[in-house]
Every structure is written in structure tokens, then in C-alpha cells.
Amino acid sequence: MKLHMVDLGTQYQKIKQEIDTSIQEVLDSSIFIGGPVVNAFKNHLETYLNVKHVIPCANGTDALQIALMALDLQPGDEVILPAFTYVATAEVIALLRLVPIMVDVNPDDFNVNLDEIRKNIGPKTKAIVPVHLFGQSSQMEEIMSIAKEYNLFVVEDNAQAIGSDYYFADGRVQKAGTIGDIGCTSFFPSKNLGCYGDGGALFTNDDRLADQIRMIANHGQGSVRYYHDVVGVNSRLDAIQAAILNVKLKHLDSYAKARKSVADFYDSAFKEMSMIVTPYRNQHSNHVFHQYTMRITNGRRDVLKAYLDSVGIPNAIYYPVPLYEQKAYNSFKGSVQQLAVTELLCKEVLSLPMHTELTHEMMDFIVNHVKGFLAS
Ligand SMILES: *Cc1c(COP(=O)(O)O)cnc(C)c1O
């Protein structure tokens, strides 16, 4: 049986006609940068997310960098982020000569911990970057009130949770990524809303920030061409990627359903296995399962991984090393000796194949091998 961590080939075959037509329209128009197709995608995504401004860009890492540039921070300003995340979140902070303050996460949903945020706020703290890891939102309502209390910006790294709903205590519902000052996402092919190359976007409800973001993403150029008001970057979503995203956005909710049914299947198969902690589903958001990441608590994560590799079952460790233990980020370790939850998760997490094209036969094969090995 041929298994994949993510199966974009089979998914494409099912929407081939729509995708090919959409790409062909771009080829026929020969408008490859900007233009009506990119604009249509921007509008569709604004409607889907119910957010005032979507600004497409070249990738998710750029989105994070542009977001931080738009906040006009000064070198040496501190930005709080979870230590258990993909490197991109810390990278852009360090690149801008800001100081990443890496804090611990919750043992249940793996998202940034509120007490740890509070503990690490100091006179130089200017922003918090919560990461909605593996497909469910951080505690945004509480994070926004901490930010208000200390006058901090909030930039959501929503690369893994696009489409997830956030439930406020008063019953209001808002899409993840649209709650902070700025939200960022990635359209990397394997993300929940992925294109067939690189892509990303920023979201904001703030008109002034939206203008700033648009300007920074376009070489710092304001409304008059060849006049540059700030130092910017070149970061664009191209029209062919937008054409693909226009099709895939229509399928995003059904894809989320397919992912959730895979998660439900895995969950029920592992119910009796005391050494497997299946993904916790927090109360304040719905999980769109970018990853199905379980914890193997009996110390056998690495041998299980080796076994799955040997029988051809794809699997991955997201993430094997706390950010502050990465060579490039060692100098930012500061007073942090060890973040207990982050350290534990790096030793225990294992992600199984998660995508829209898994059949019952495939899932049976996967869970039987996992259970058989751990029971032996
Ligand atoms: C994928 C990802 C990014 C970066 O997106 P790219 O499009 O690959 O630059 C940033 N943060 C998180 C959490 C991600 O998963």
C-alpha cells in the first residue's frame, strides 16, 4: 500500500478539471502578477474569513516578516512566541533585530501558555505572536486582553489553522487569524489551503495597518508609482497560484471535514492504548487538523517511529528540538534554562499521515501497525 503524509496528487485528480480551467484562464490572459485573478482571490478570502483586508504575499514567512515590519518596532524590542513551533516564527523576529522571547506551551493543545506569556512581559515587550499549532486556535480572547493590559500588538501565526473557528465566551464566532492586529498564513502546498508553489497572506481589520502592509509588500511604494515611503520588500502572490487557490478555497470546508473524520478514526482506534495521548481538542476553537499529532508517553516514540519507517508508514516529528536549542537561536536562550512542556513534547510527539484522501483501508493499516507495535 502506497501511503503519504499528504496526498496532493490524488486530491488534484479529483478537482483536475476545475484547476486546469482556472490555470488556463491565467495563461490565456497573460496577466501573471497581480490583476483580476489575484484580486478575486483576495476578495473571496476576505468574504470567507469575514475580515476587512486580505493582503496576499509570497509565502507565510514573508507574511510574518511584513506583519512585524508594519508594527514599526525598534531593534531590541521583545516579541513573545511559543518555543514549540516551526522556525519561521522566530526567524523573522531575529532577522528584524528584534528579540524573540520563547515561552512554554500547554501540555494539552500545545499552544502558547497564558501564564508563561504574563511571566515574560517586560519593559521592552512590544508584541505577542501566538501560533495556532496543528490546526486549533490559541486562547485568543485571553491573549487579546493581556495585550490590551500591557499595550502589546498581537500577530497571529495562522499558517496551520486557516478555516478554524474561534468561539468567544459571549458566543461570538470569528475565524482564527482575524482576531489579533494582524493574522498571517501560508499557502505552502501541504497546508490546509495550499497552492502548487509558494504563497501567503496577511489579514487585518485595521485600515491603517492594511495600507502599511500593502506598501511594505510592494517595495515600500505608496500610492504613487516609483515613490517609496518606507523600506519594503518584494512579496507577491502570483496569478497562477491565486487561480489554484480560488478553486481550493471552495473545497476548504469539505477538506476540513475529511481531515476531522481521519482524526476521529485515529482517536477511536487508539482509545484503549494507555501510552497514546490522542490530540486534545480545546473548547474555544474547532480543530481543522493540519496535523494529527499524538504523544507516545511510554518512552517508545523513537522506536515506534523507526518501526513505522521500516514498514513504509509515513510519520513525522513536529518538532524534534525546542527553538532555543537550535544552533541559530541559542543566543536567544537568555535566562531560559529549560521549558518543561516544550522539552517533553519534543520527546513524545509523533504525527501520522493526515490528508483529505485517506481511505478506511489505509487508516486501518496505519492504526493496526501502531497498535500492534506498541502492544508488543
Ligand atoms: C508553514 C509555516 C510557516 C511558514 O510558511 P511558508 O509559506 O513556508 O513560508 C510559518 N509558521 C508556521 C507555524 C508554519 O507552519
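As a basis for the values below, the full set of heavy atoms in this structure was taken, side chains included, without hydrogen atoms, waters or symmetry mates.
Atom OH of Y150 is separated from atom CD1 of I80 by 10.0 Å, given to the nearest 0.5 angstrom. In this structure, C184 SG and I182 CD1 are separated by 6.5 Å, a value rounded to the nearest 0.5 Å. Taking NZ from K126 and CD1 from I121, the interatomic distance works out to 13.0 Å, rounded to the nearest 0.5 Å.
D238 places no side-chain N or O within 3.5 Å of a backbone atom of F32 that could act as its donor or acceptor partner. No side-chain donor-acceptor contact under 3.5 Å links N59 to the backbone of G200. Between the side chain of N158 and the main chain of H132, no donor-acceptor pair closer than 3.5 Å is present. Side-chain atoms of N192 come within 3.5 Å of backbone N or O of V288 as a donor-acceptor pair. No donor-acceptor pair closer than 3.5 Å links the side chain of T185 to the backbone N or O of A201.
Between H360 and F265, the ring-plane angle classifies as perpendicular under the 30° and 60° cut-offs. Using bins of under 30°, 30° to 60° and over 60° for the plane-to-plane angle, the ring pair F110/F84 lands in the perpendicular bin. In this pair, H369 and Y307 present their aromatic rings tilted. The plane angle is within the 30 to 60° band. H355 and H4 have perpendicular rings, their planes meeting at more than 60° on a 0 to 90° scale where under 30° would count as parallel.
Side chain to side chain, Q139 and H284 fail the donor-acceptor criterion of an N or O pair below 3.5 Å. Inspection of the Y12 and D20 side chains reveals an N or O donor paired with an N or O acceptor under 3.5 Å. No hydrogens or angles considered: a donor-acceptor pair under 3.5 Å links the side chains of Q11 and K248.
Put simply, the side chain of V87 reaches to within 4.5 Å of the side chain of Y329, judged on heavy atoms. Contact of the N315 side chain with the L304 side chain is not registered, since no non-hydrogen atoms from C-beta on lie closer than 4.5 Å. Within the 4.5 Å cutoff, side-chain heavy atoms of I31 are placed close to those of P36. Between L344 and P107 the shortest side-chain heavy-atom distance does not fall below 4.5 Å. In this structure, N113 and V103 have side chains that are not in contact, with every pair of non-hydrogen atoms separated by 4.5 Å or more. Looking at heavy atoms from C-beta onward, I143 lies in side-chain contact with V112 at the 4.5 angstrom threshold. With a 4.5 Å cut-off on side-chain heavy atoms, E325 and E343 count as touching. The side-chain heavy atoms of K191 and I162, taken from C-beta on, include no pair separated by under 4.5 Å.
With respect to the salt-bridge test (charged N to carboxylate O, under 4.0 angstrom), the residues R214 and D211 qualify. With respect to R281 and D264, a salt bridge is recorded, a charged nitrogen being found less than 4.0 Å from a carboxylate O. Note on R118 versus E149: salt bridge recorded, some NZ/NE/NH1/NH2 to OD/OE distance being below 4.0 Å. With salt bridges taken as basic N to acidic carboxylate O contacts below 4.0 Å, none links D267 and K271.
Residues R236 and N234 share a closest heavy-atom pair of CZ-OD1, 3.3 Å. Closest approach of Q241 and C195 over heavy atoms only: OE1-CB, 3.1 Å. V105 and P82 make their closest contact through CG1-CB, 3.6 Å (heavy atoms, listed as atom of the first residue, atom of the second, distance). When every heavy atom of Y280 is checked against every heavy atom of H287, the shortest pair comes out as O-CD2, 3.9 Å. Closest non-hydrogen pair, M354 versus H290, comes out as CG-O, 3.8 Å. Among all heavy-atom pairs drawn from S138 and V131, the shortest one is OG-O, 3.2 Å.
Residue L68 is tested with D77, I216, L96, L95 for a side-chain contact (heavy atoms from CB on, under 4.5 Å); the sole match is L96.
Atom CG of N50 is surrounded by 12 or fewer heavy atoms from other residues, nucleotides or ligands within 6.0 Å. Counting heavy atoms of neighbouring residues, nucleotides and ligands inside a 6.0 Å radius, atom NZ of K14 exceeds 12 of them. Counting non-hydrogen atoms of neighbouring residues, nucleotides and ligands closer than 6.0 angstrom, the CG atom of N151 reaches no more than 12 such neighbours. More than 12 non-hydrogen atoms from other residues, nucleotides or ligands lie less than 6.0 angstrom from NZ of K42.
Residue pairs meeting the ring pair (Phe, Tyr, Trp, His ring centres under 6.0 Å) criterion with at least one partner in residues 225-251, sequence neighbours excluded, are H251-Y255.
Grouping Ile, Leu, Val, Met, Phe, Trp and Tyr residues whose side-chain heavy atoms lie under 4.5 Å apart, directly or via other members, leaves I33 alone, with no other cluster members.
Taking the ring axis of F373 as reference, the NZ or CZ atom of R300 stays within 45° of it and closer than 6.0 Å to the ring centre.
M363 is connected to I276 through a chain of hydrophobic side-chain contacts under 4.5 Å among Ile, Leu, Val, Met, Phe, Trp and Tyr, so both are in one cluster.
Aromatic ring centres of Y86 and F188 lie farther apart than the 6.0 Å criterion allows.
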